[in-house]
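Scroll down for the structure; my scribbles are underneath it.
Quick note: residue numbers are just sequence positions, from 1. The figures here come from the full heavy-atom set of this structure, side chains too, leaving out hydrogens, waters and symmetry mates.
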Amino acid sequence: MRGPPDVWIAQVSYIPSLTPTFEAALRDRRSRDVRARHAAALRLASAPEGREDEAREALRPLLDDPVAAIREAALASAATLRDRDALPVILSRFEDGEPAVRQLAVIAAGRIGGPEAVEPLRAALRDERPEVRFQAAVSFAELCPDEALDEVSPLLGDADAEVRANAAAALGALGEPDARDRLAPLLGDDAPSVRREAALALAKLGDARAARVLVECLDDPERAIEAALALGELGADHAREPLAERAAGLFTGLHLKAAAGAALARLGDARGTDALRSVLRAFRHDGRSFAAELVGELGLVALADELARLVHRPRGADPVVVAKALAELAPESAVAARALERVAGGRDRAAADVARAALSIAEPAT
């Protein structure tokens with residue numbers, strides 16, 4: 001169950017079932033069929049506008065369902081719906097017999113918030129069960145950012161490596177400069193996961209001490225993209241060759257290739273522009289929008305022609321992303337300015353709106 005907090009809902013235990021309509025979910029919450037109740041618990045999180053209160057009320061009994069996977073799904077949905085009235089039951093689930101349910105209860109309490117959740121989450125930071133401490137680090141930091149530095153920092157020395165790693169991630173997300181010296185010792189931690197989370201946290205705080213471990217992160221499929229971008233932002237010149245290796249790798253994923261290219265471009269290395277161009281031209285399209293976004297962010301006028309081609313033939317690129325990137329380049333690039341004008345008169349309404357707004361507030365290059 002443990003994992004990055006931004007994907008927690010995806011970690012709810014899976015029971016094969018069809019996705020019901022909202023009306024069916026309201027009915028099926030009382031079904032004797034486990035699959036039907038589980039599907040209902042998940043579906044109720046996506047209530048039609050104006051019917052959120054119905055969904056909240058329907059979910060509450062499922063928080064006490066005898067099946068753990070249904071309790072998990074109900075907790076996730078109650079958190080999504082920010083059901084304050086469910087908070088007493090959610091807090092009681094901190095003592096659930098299933099570790100995954102306990103963790104989701106801690107997550108839900110942090111997401112819903114409110115003064116009633118503060119002390120239970122503070123106590124959870126010192127719970128004897130590591131899966132509770134693990135998630136409490138993030139939930140408490142989200143709910144009480146002004147207190148989190150002092151309350152969460154002790155977990156940096158926790159006996160459980162995953163707890164140390166999540167505590168580092170939570171402190172990095174705070175954006176608190178005083179966390180830097182508390183995080184730095186974890187760069188030498190015995191556990192790779194702890195070293196990497198500490199490095200990424202320090203990178204968010206602009207601390208160049210993270211650079212050595214960030215290079216190590218380039219081999220971690222889950223952290224490589226973030227690490228590559230961070231190396232560029234930190235100006236880690238010594239990372240050029242590892243980044244260039246990923247940027248040019250035949251089997252490198254296109255998102256990582258784009259991120260490595262962007263980092264190299266930030267470092268003033270021409271191989272970065274080449275890497276981004278290769279992603280924009282790649283046969284596969286899965287990294288094209290990301291590369292376009294990075295080109296705009298970096299102001300890479302040399303790639304304006306590549307973005308202009310995507311106006312005529314998107315090849316899987318998101319037209320809105322392309323329009324935003326062109327808007328960044330248009331003040332310095334006549335090619336981008338002309339392409340932006342074409343977008344403004346095009347059929348994609350959302351992209352056209354972006355283009356027209358950009359053209360109305362800035363004088364593009366001609």
Walk me through whether S31 and R37 qualify under side chain to side chain donor-acceptor pair (under 3.5 Å).
CA-CA 6 Å; S31 175; R37 295 201 311 279; 5.8 Å; no

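- The shortest distance between side-chain heavy atoms of L264 and D274 does not fall below 4.5 Å.
- Note: E54 CD to F22 CZ = 5.5 Å, rounded to the nearest 0.5 Å.
- Both L143 and L91 are part of a single hydrophobic cluster, where members link through side-chain heavy atoms under 4.5 Å apart.
- Here the straight-line distance linking atom CZ of F140 with atom CZ of R122 works out to 4.0 Å at 0.5 Å rounding.
- When all heavy atoms of A86 and L63 are compared, the pair lying nearest together is CB-CD1, 3.8 Å.
- No continuous path of ILVMFWY side-chain contacts below 4.5 Å connects L200 to L256, so the two sit in separate hydrophobic clusters.
- Heavy-atom minimum distance, A108 versus I90: CB-CG2, 3.9 Å.
- The side chain to side chain donor-acceptor pair (under 3.5 Å) search around R309 returns E306, not counting sequence neighbours.
- Side chains of L214 and L202 form no contact here, defined as non-hydrogen atoms less than 4.5 Å apart.
- Note that CG of L310 and CG of D318 are 11.0 Å apart. Values are rounded to the nearest 0.5 Å.
- With respect to R82 and E52, no salt bridge is recorded, no charged nitrogen being found less than 4.0 Å from a carboxylate O.
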**Asked** For E216 and R196, what are the C-alpha separation, side-chain angles and deciding distance, and is it a salt bridge (Lys or Arg N to Asp or Glu O under 4.0 Å)?
**Response** CA-CA 8 Å; E216 176 185 313; R196 293 173 183 184; 3.3 Å; yes

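- In terms of heavy-atom proximity, V106 sits nearest to L121 at CG1-CD2, 3.7 Å.
- Atom CZ of R30 sits in a sparse spot, with 12 or fewer heavy atoms from other residues, nucleotides or ligands closer than 6.0 Å.
- Between the side chain of S77 and the backbone N or O of A41 there is at least one donor-acceptor pair closer than 3.5 Å.
- Judged by distance alone, the side chain of S92 and the main-chain N or O of V89 form a donor-acceptor pair under 3.5 Å.
- Here the CD1 atom belonging to I107 is positioned 13.0 Å from the CZ atom belonging to R102, to the nearest 0.5 angstrom.
- In terms of heavy atoms, L26 sits closest to A58 at CD2-CB, 3.8 Å.
- Looking at heavy atoms from C-beta onward, E142 lies in side-chain contact with R111 at the 4.5 angstrom threshold.
- Although no hydrogens or angles enter the test, the distance criterion places a donor-acceptor pair under 3.5 Å between the side chain of R180 and the main chain of P177.
- Residue R51 qualifies as enclosed at atom CZ: its count of foreign heavy atoms under 6.0 Å is above 12.
- Within the 4.5 Å cutoff, the side chain of C144 has heavy atoms near those of the V118 side chain.
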Going through the distances and angles, do Q135 and Q103 end up as a side chain to side chain contact (heavy atoms under 4.5 Å, CB included)? CA-CA 6 Å; Q135 189 54 54; Q103 188 179 344; 3.6 Å; yes

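- Cluster membership for L294 and L307, using ILVMFWY side-chain heavy atoms within less than 4.5 angstrom, is shared.
- Side-chain atoms of R271 never come within 3.5 Å of backbone atoms of G261 as a donor-acceptor pair (strictly under, hydrogens ignored).
- The closest donor-acceptor contact from the side chain of R133 to the backbone of A124 lies at 3.5 Å or more, if one exists at all.
- No single ILVMFWY cluster, assembled from side-chain heavy atoms under 4.5 Å apart, contains both V320 and L303.
- Listed for the H255 side chain is a donor-acceptor partner under 3.5 Å among the backbone atoms of D286.
- Between R35 and D28 there is no salt bridge, since no side-chain N of the basic residue sits under 4.0 Å from a carboxylate O of the acidic one.
- A heavy-atom distance below 4.5 Å is not found between the side chains of L243 and D269.
- Between the side chain of K257 and the backbone N or O of G249, at least one donor-acceptor pair lies under 3.5 Å.
- Although no hydrogens or angles enter the test, the distance criterion places no donor-acceptor pair under 3.5 Å between the side chain of R29 and the main chain of A25.
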Report task. Decide side chain to side chain contact (heavy atoms under 4.5 Å, CB included) for I70 and V34; before the verdict, give the C-alpha distance in whole Å, the side-chain angles of both, and the deciding distance to 0.1 Å. Result -> CA-CA 8 Å; I70 295 174; V34 169; 4.0 Å; yes

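- Grouping the Ile, Leu, Val, Met, Phe, Trp and Tyr side chains by contacts below 4.5 angstrom, directly or via other members, places L231 with L267.
- The side-chain heavy atoms of V311 and L326, taken from C-beta on, include a pair separated by under 4.5 Å.
- Counting non-hydrogen atoms of other residues, nucleotides and ligands closer than 6.0 Å to NZ of K324 gives a total of 12 or fewer.
- Within a 6.0 Å radius of NE2 in H238, more than 12 heavy atoms belonging to other residues, nucleotides or ligands are found.
- Without hydrogens or angle criteria, S333 side chain to A330 main chain gives no donor-acceptor distance under 3.5 Å.
- Salt-bridge check for R93 with E98: failed, with every basic side-chain N at 4.0 Å or more from each acidic carboxylate O.
- Taking CG of L205 as the reference point, atom CG of L171 lies at 9.0 Å (rounded to 0.5 Å).
- Annotation: side chain of R71 is not in contact with side chain of L62 (no heavy-atom distance under 4.5 Å).
- Between R164 and D189 there is a salt bridge, with a side-chain nitrogen of the basic residue lying less than 4.0 Å from a carboxylate oxygen of the acidic one.
- Taking a cutoff of 4.0 Å between a charged side-chain nitrogen and a carboxylate oxygen, D85 and R56 do not qualify as a salt bridge.
- Of all heavy-atom pairs between A137 and A170, the closest is O-CB, 3.5 Å.
- The two residues A148 and L174 have their closest heavy-atom pair at CB-CD1, 3.7 Å.
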Review point. Can you list the steps and then say if R246 with D219 is a salt bridge (Lys or Arg N to Asp or Glu O under 4.0 Å)?
Key: CA-CA 10 Å; R246 274 70 179 183; D219 292 324; 2.5 Å; yes

**Message:** Is there a side chain to side chain contact (heavy atoms under 4.5 Å, CB included) between E233 and R266? Walk through the geometry before answering.
**Reply:** CA-CA 7 Å; E233 291 166 0; R266 286 188 188 278; 3.8 Å; yes

Subject >> From CA spacing to verdict: salt bridge (Lys or Arg N to Asp or Glu O under 4.0 Å), E293, R288 >> reply: CA-CA 9 Å; E293 180 181 357; R288 194 165 288 127; over 6 Å; no

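- In this structure, the side chain of R43 engages the main chain of S46 through a donor-acceptor pair within 3.5 Å.
- Looking at E162 and N166, their side chains never come closer than 4.5 Å, going by heavy atoms from C-beta outward.
- Taken to the nearest 0.5 Å, the CG atom of L276 stands 11.0 Å off from the CG atom of L254.
- In this structure, R84 pairs ionically with E116, as a charged nitrogen and a carboxylate oxygen lie closer than 4.0 Å.
- Comment: D181 engages R209 in a salt bridge, judged by a side-chain N to carboxylate O separation of less than 4.0 angstrom.
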